[in-house]
Amino acid sequence: MKKILAIDSFKGCLTSSEANAAAAKAFPADELVQIPVSDGGDGMLEAFANALGAEKVKVRVKDPLMRSVDAEYAVKGDLAIIEVAQAIGLSLVPVEERDTLRETSYGAGQLIADAIRRGCTQLIVGLGGTATSDCGIGMLRALIDKFSFGKPHQLFEQIAPIFEQHNIRIMIASDVNNPLLGENGAARVFAPQKGASPDVVEQLERRAAKFAEMSKKHYDFDCSNKPGAGAAGGLGYALMQYMNADIQSGAELLLELLHFDELLHTADEVITGEGSADKQTLMGKLPSVILEHCLEAKVPCRLIAGKVDNCEELLEAGFAKVQNINDNNKVGENPLDKEIAKRNITNTLLQ
């Protein structure tokens, strides 16, 4: 019997692999299976590339403010794994430079275009952790530029044919179920987290509504209300509306690729975690998806986190144990310090 370590990244501190490695120090090596995991956001590329044995490719793209940066995606055969945050991640823009009205998803389109030029026809696109709120307009513009589709006014007519002609299929990996518009939409829910003021949020909402209206007129269908359309500042909408993309829980998709349910047959415990755990953890985040599989297989699932709220609700949901790794921090220690976080994970699991 083995322990499975499937800990999500601690945002701004540890990658999934780093968190797993710290946890592994608490147990004999021959009793462990380590699985880098992600729900489609930060760390998605590493987790999916590891699961599939895919090769990483480096490409020069534009960041959210159109500055050149290096980004990676991964390839295996005709499959490409793309984490859009590699190009347009919020972490690429210093707080003092953030401007949601200017920031563009152009770099995400460059990643997709490069994968297509490489011969990939199946794309898994992870949405999460982006700085942008442009409804994917920048991404579409990059595709037009890369494939010389024509003049800008031909946007609506030019995107879909290239995907149909080459039988390109896109699967969105995301844990976001929000629509594009409204109180639960991309602008009002996520833009404030990216630095948008209330006035800017309303500008983004009006811009998104106008873009969806124009798109509906040209295509005679509307994806703005589909779950996930609001992901990554509306990038989910553009992928579904213009490229006929499907969407799936990033966590479920990864666990399927990892044959996670088969691994559970020989496990006596699963340890999962994330940076901050609370009642929102139970709303489709990776630890809750892992918990569902563990409950079905009757395997205990332990949850660790850098911050824990709503502990009783987490326990009632089925976690066998919930632990805050920072409970015993010394005065003045920074819990986001990488080495301190690693130490705390190891010590917590030794208790």
Side-chain angles (χ1 to χ4, degrees), residues 1-39 41-44 46-47 50-51 91 129 175 251 254-255 258 260 263-264 266-282 285-295 297-351:
M1 302 300 287
K2 295 183 179 292
K3 296 186 186 297
I4 297 175
L5 304 180
I7 305 169
D8 203 354
S9 62
F10 282 41
K11 188 173 291 187
C13 183
L14 298 175
T15 67
S16 174
S17 291
E18 289 170 337
N20 280 345
K25 292 181 179 180
F27 306 103
D30 61 352
E31 296 180 4
L32 294 175
V33 176
Q34 297 186 51
I35 304 174
V37 289
S38 170
D39 53 20
D42 292 339
M44 177 266 188
E46 176 190 23
N50 181 74
S91 62
D175 68 342
L254 179 61
L255 295 184
L258 290 167
F260 186 72
L263 293 175
L264 287 176
T266 56
D268 59 4
E269 183 182 30
V270 173
I271 299 171
T272 188
E274 61 181 342
S276 179
D278 53 32
K279 61 185 178 182
Q280 291 189 26
T281 297
L282 303 175
K285 287 191 175 182
L286 187 138
S288 71
V289 174
I290 287 176
L291 174 64
E292 290 175 10
H293 286 256
C294 290
L295 291 174
K298 296 182 171 56
V299 175
C301 183
R302 189 189 327 191
L303 175 67
I304 63 172
K307 179 183 178 183
V308 175
D309 290 316
N310 315 116
C311 185
E312 288 303 317
E313 292 182 48
L314 295 168
L315 290 169
E316 288 174 7
F319 286 108
K321 196 171 185 178
V322 178
Q323 295 173 285
N324 185 336
I325 67 167
N326 292 307
D327 274 347
N328 297 312
N329 272 5
K330 298 175 183 178
V331 176
E333 283 189 333
N334 177 10
L336 293 178
D337 180 274
K338 189 182 289 285
E339 295 309 314
I340 290 173
K342 290 178 181 178
R343 180 202 69 192
N344 288 349
I345 289 175
T346 304
N347 290 344
T348 297
L349 296 175
L350 285 170
Q351 294 172 8

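Bear in mind the structure is a predicted one, so any value in this text is a computation, not a measurement.
Heavy-atom minimum distance, Asn329 versus Pro335: ND2-CB, 3.8 Å. Ser288 approaches Lys285 most closely through the heavy-atom pair OG-O, 2.7 Å. The nearest pair of heavy atoms linking Ile325 to Gly306 is CG1-CA, 3.9 Å. The minimum heavy-atom distance between Thr348 and Gln323, with the atom names listed, is O-NE2, 3.3 Å. In plain terms, the two heavy atoms of Leu264 and His293 that are nearest each other are CD1-O, 3.6 Å. When all heavy atoms are compared, the tightest approach of Leu336 to Cys13 is O-SG, 3.4 Å.
Inter-residue side-chain proximity for Arg302 and Leu349 is flagged as met; some heavy-atom pair is nearer than 4.5 Å. Val37 has its side chain out of reach of Thr272: every pair of non-hydrogen atoms, C-beta onward, lies at least 4.5 Å apart. Side-chain atoms of Ile290 and Ile4, non-hydrogen and from C-beta on, never get closer than 4.5 Å to each other. By the 4.5 Å heavy-atom criterion applied to side chains, Asn328 and Gln351 are counted as neighbours. With contacts defined as side-chain heavy-atom distances shorter than 4.5 Å, the pair Lys307/Asn326 does not qualify.
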**side chain to side chain contact (heavy atoms under 4.5 Å, CB included) between Ile7 and Leu14, worked out** = CA-CA 10 Å; Ile7 305 169; Leu14 298 175; over 6 Å; no

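With Ser17 contributing its side chain and Pro36 its backbone, the two residues share no donor-acceptor pair below 3.5 Å. Counting only distance, with no hydrogens or angles, the side chain of Lys279 and the backbone of Asp309 share no donor-acceptor pair below 3.5 Å. Counting only distance, with no hydrogens or angles, the side chain of Thr346 and the backbone of Ala26 share no donor-acceptor pair below 3.5 Å.
Contact check on Glu333 versus Arg343 returns a salt bridge, with a Lys/Arg side-chain nitrogen under 4.0 Å from an Asp/Glu carboxylate oxygen. A salt bridge does not link Lys3 to Glu31: none of the charged side-chain nitrogens sits closer than 4.0 Å to a carboxylate oxygen.
Here CZ of Phe10 is found 9.5 Å from CG of Asn344. Values are rounded to the nearest 0.5 Å. From Glu339, atom CD reaches atom CG of Asn334 across 12.5 Å, with rounding to the nearest 0.5 Å. To the nearest 0.5 angstrom, Leu254 atom CG is 9.0 Å from Asn50 atom CG. Atom CG in Asp8 sits 10.0 Å away from atom OG1 in Thr15 (nearest 0.5 Å). Rounding to the nearest 0.5 angstrom, the gap separating the NZ atom in Lys342 from the CD atom in Glu18 is 5.0 Å. Cys301 SG to Lys321 NZ: the interatomic distance, rounded to the nearest 0.5 Å, is 13.5 Å.
Ser16 and Glu46 form no side-chain donor-acceptor contact under 3.5 Å, judged by distance and modelled atom types alone. In summary, the side chains of Asp278 and Asn310 do not present any donor paired with an acceptor at a separation below 3.5 Å, with no hydrogens or angles considered.
Around atom NZ of Lys338, more than 12 heavy atoms belonging to other residues, nucleotides or ligands sit under 6.0 Å away.
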